[in-house]
Amino acid sequence: MTLVRFISADGTQVQEVEAPAGSRLLDIAQNAGQPLEGTCEGQMACSTCHVIVDAEDFAKLPKASEEEEDMLDLASHVTRHSRLACQIWLDAALAALTVRMPAGVHNMQGR
Ligand code: FES
């Protein structure tokens, strides 16, 4: 199990969810009601699953593929620790993972 901690874009809301090894971060986020659209369902064609990973946790994750990096270049509010949630699979070795929603995600939801 990995304890996944979702932080809202403005940092005011924190939600913690236990996720089994082998699950995909995008699915965990959506099941938890987090505002990630994931429009292309993991085809790396939309970047609406963009999340900002905690700096320490970022270093523990396998590196992003070139395709993922290219898609992140197109996302807004990208940081050095940005990843696509559809490309992160949780691993038994990862006890905890903290990710923050990028700025602007609430605006998209509000439309
Ligand atoms: Fe589209 Fe991740 S769901 S890039």
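Indexing begins at 1, ligand by ligand and atom by atom, following the structure's order.
Two residues are said to be in side-chain contact when any heavy atoms from C-beta on lie closer than 4.5 Å; L97 and R5 fail this criterion. In this structure the side chain of V17 reaches within 4.5 angstrom of the side chain of F6, judged on heavy atoms.
Put simply, the residue from T48, L25, V51 that forms a side chain to side chain contact (heavy atoms under 4.5 Å, CB included) with L36 is V51.
By the 4.5 Å side-chain criterion applied to Ile, Leu, Val, Met, Phe, Trp and Tyr, M71 is assigned to a cluster that also includes M44, L72, L74, L84.
At distances below 3.5 Å, at least one donor-acceptor pair connects side-chain atoms of S65 with backbone N or O atoms of E68.
Counting only protein N, O or S atoms closer than 2.8 Å to atom 2 (Fe) of ligand 1 gives 2.
There is no path of hydrophobic side-chain contacts, each under 4.5 Å, that joins I52 to L94.
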